[in-house]
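Okay, so here's the structure we're looking at.
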Amino acid sequence: MFATMAVHHLFASLILFICNTVFSAEISVFVQTGDSVELYIQTLPEFDDLSWRKDKSEMIVRYTNETKRVKLHPSYKDRVDFNDKTFSLTLKNIQETDSGLYIARVSGETETDIATYRVSVIDAVEAPVLNSKVSSSDSCTVNFTCSAQEFMINSTYQNNRCSPEEVTSQINTLILDCSEESIICNHSNPVSWKEVRMSITQICEEKERPFLHSSGPSYMFVLLIVCVVVGVIGVFAGLILCCKNKRGADDTDYDDVETQKMTGDTWTTVTYCTVGRHHTPSSARDR
C-alpha cells in the first residue's frame, strides 16, 4: 500500500515536472528599438490568477479569473497592453532597458509558469561600406573590402567569379558575395539588414578608359595644348593663303585707254588706265 502511494506520488511529480518544462520553455525574441512585440500564451490550464512578470520578480500585470479584474503596475502604464481574452501581453515602443525575461504564471492549487520569453531589444544595423581596387593590368581583377562596425571581409573578383565570405559575431552577420554583374555586401541582424552593391561592368569599363577618367587638371592641360596646336596650324594656313593671293595680284596687266573730252572750245585728250588679269598670248599657249 505504501509502495503504491509512493509510486503514484512519484508519477504525479514527474507529470507536473514535464508540464512545467513544456509550459516554461524559453523562447528568444528579438525586437528592433521603438517597435512593439506581443507575447502569447500557447496553452492555458485552469487557474485562479494569472500574472505577467519581468525577470521573475517585477510584476507587470495581474488578472483575477473570478472577478475578471486587471491590475496593471503603475510603472507600465501606457507602455503595455493586456488582452483579457487571450491573456497575451504587448510591449509598446520598446527600448533597450526593456530587454529581459518575461514570464506568464498561473496560480491555483499550484503555481505554474506557462510562458517564458527572452526579449532582446537591439538597434537596426548600419549600412556596410564597400571599396574596390583594380589590381591587374591585363584583365579585370578587382580586390574588394566589405566592412561594417567591427567586421571586415577581403575578397578578389576574377574571371567573373569570387569566393563568398561570411563572418558573424553574436547576433550580427556580414556577407560578401558576387555575381557576373555586381558585388554584394550585406550586413544584418535578427531585426534588420542593409545591403550595398557595386557594378563589376562599370568598374571594368572605367579601367579600359583611363584617359577619360584621369585627373581634371591633366586633362585640361592636354586639351589646352591641342587647342594651341590647332590655332598655330590655322595661322600658318592663313599666311600661306595670303601669300598665294599676293602672287596672283602681281600678274595683273595695266592697259591705257585714251579718249577725248571737249572743254569749252578745246578738245582735251584724257587717258584712262584699265586693270585686268594677265593673259598669255594665244601664240604662246599654242606653243
Side-chain angles (χ1 to χ4, degrees), residues 4-126 149 168-173 175 186-194:
T4 302
M5 291 178 61
V7 170
H8 286 170
H9 179 73
L10 179 62
F11 183 73
S13 298
L14 181 61
I15 294 297
L16 181 62
F17 172 77
I18 293 174
C19 289
N20 287 338
T21 302
V22 173
F23 285 143
S24 61
E26 185 176 301
I27 301 172
S28 294
V29 178
F30 294 92
V31 189
Q32 183 172 324
T33 305
D35 286 352
S36 298
V37 61
E38 187 172 6
L39 308 179
Y40 296 93
I41 295 177
Q42 302 294 335
T43 304
L44 184 64
E46 293 184 1
F47 66 92
D48 295 332
D49 295 323
L50 181 146
S51 65
W52 278 97
R53 302 168 183 263
K54 182 187 177 187
D55 297 329
K56 297 184 178 181
S57 58
E58 184 178 346
M59 182 72 69
I60 300 173
V61 62
R62 178 184 292 275
Y63 175 81
T64 303
N65 197 20
E66 183 177 357
T67 62
K68 311 303 180 186
R69 181 189 176 192
V70 177
K71 184 178 180 181
L72 185 66
H73 194 280
S75 63
Y76 284 91
K77 185 179 181 181
D78 300 326
R79 295 177 53 200
V80 301
D81 285 332
F82 177 73
N83 189 318
D84 59 2
K85 301 296 187 297
T86 64
F87 308 107
S88 64
L89 181 71
T90 301
L91 308 175
K92 302 185 297 182
N93 190 26
I94 199 165
Q95 302 299 313
E96 188 176 353
T97 53
D98 294 318
S99 297
L101 193 66
Y102 290 79
I103 299 172
R105 178 176 296 170
V106 293
S107 61
E109 295 182 0
T110 60
E111 285 192 347
T112 305
D113 294 341
I114 57 174
T116 304
Y117 289 88
R118 174 73 63 180
V119 176
S120 300
V121 183
I122 56 179
D123 294 330
V125 296
E126 297 178 358
Q149 294 177 333
T168 59
S169 175
Q170 295 180 343
I171 58 176
N172 291 347
T173 301
I175 299 175
N186 184 287
H187 186 207
S188 64
N189 63 18
V191 301
S192 64
W193 66 274
K194 291 183 181 179

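Separation of atoms CD1 (Ile41) and OH (Tyr117) is listed at 8.0 Å; rounding is to 0.5 Å. Taking OG of Ser36 as the start and CG of Asn93 as the end, the distance is 7.0 Å to the nearest 0.5 Å. The distance from atom OG of Ser88 to atom CD of Gln42, rounded to the nearest 0.5 Å, is 10.5 Å. A distance of 12.5 Å separates OG in Ser51 from NE2 in His73, rounded to the nearest 0.5 Å.
Not counting sequence neighbours, the partners of Arg118 by the salt bridge (charged side-chain N to carboxylate O under 4.0 Å, His left out) test are Glu26. A search for side-chain contact (heavy atoms from CB on, under 4.5 Å) contacts involving Ser99 returns Val121, not counting sequence neighbours. Applying the side-chain contact (heavy atoms from CB on, under 4.5 Å) criterion to Thr168, with sequence neighbours excluded, gives Glu166, Thr173. Legend: residues meeting side chain to side chain donor-acceptor pair (under 3.5 Å) with Ser169, ordered by chain and number and at least two apart, are absent. Partners of Asp35 under the salt bridge (charged side-chain N to carboxylate O under 4.0 Å, His left out) rule, at least two apart in sequence or in another chain, do not exist in this structure. In this structure, the side-chain contact (heavy atoms from CB on, under 4.5 Å) partners of Gln149, at least two apart in sequence or on a different chain, are Glu126, Asn172, His187. Legend: residues meeting side chain to side chain donor-acceptor pair (under 3.5 Å) with Ser192, ordered by chain and number and at least two apart, are Asn189. Every residue two or more places apart in sequence or in another chain that forms a side-chain contact (heavy atoms from CB on, under 4.5 Å) with Asp123 is listed here: Thr33.
Taking each heavy atom of Ile114 and Pro45 in turn, the nearest pair found is CG2-CD, 3.8 Å. Across every non-hydrogen atom of Thr110 and Thr112, the tightest pair is OG1-OG1, 3.8 Å.
For the salt bridge (charged side-chain N to carboxylate O under 4.0 Å, His left out) condition, no pair includes a residue of residues 43-72, sequence neighbours left out. Judged as a ring-ring contact (aromatic ring centres under 6.0 Å, His included), the pairs with a partner in residues 26-62 (not counting sequence neighbours) are, in order, Phe47-Phe87. Evaluation of the salt bridge (charged side-chain N to carboxylate O under 4.0 Å, His left out) test over residues 85-94, restricted to residues two or more places apart or in two chains, returns Asp81-Lys92.
Within the 4.5 Å cutoff, side-chain heavy atoms of Thr90 are placed close to those of Glu38. Between Ile171 and Ile122, the closest side-chain pair of non-hydrogen atoms falls below 4.5 Å. At least one side-chain heavy atom of Trp193 sits under 4.5 Å from a side-chain heavy atom of Asn186. Counting heavy atoms from C-beta on, the side chains of Asn65 and Leu50 never come closer than 4.5 Å.
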Please tabulate, for side-chain N and O atoms in residues 100-107, each donor-acceptor pair with protein atoms closer than 3.5 Å (sequence neighbours left out).
unit_1	atom_1	unit_2	atom_2	d
Tyr102	OH	Asp98	O	2.7
Arg105	NE	Asp113	OD1	2.6
Arg105	NH2	Asp113	OD1	3.3

*Check against side-chain contact (heavy atoms from CB on, under 4.5 Å), Val61 and Val80*: CA-CA 9 Å; Val61 62; Val80 301; 5.9 Å; no
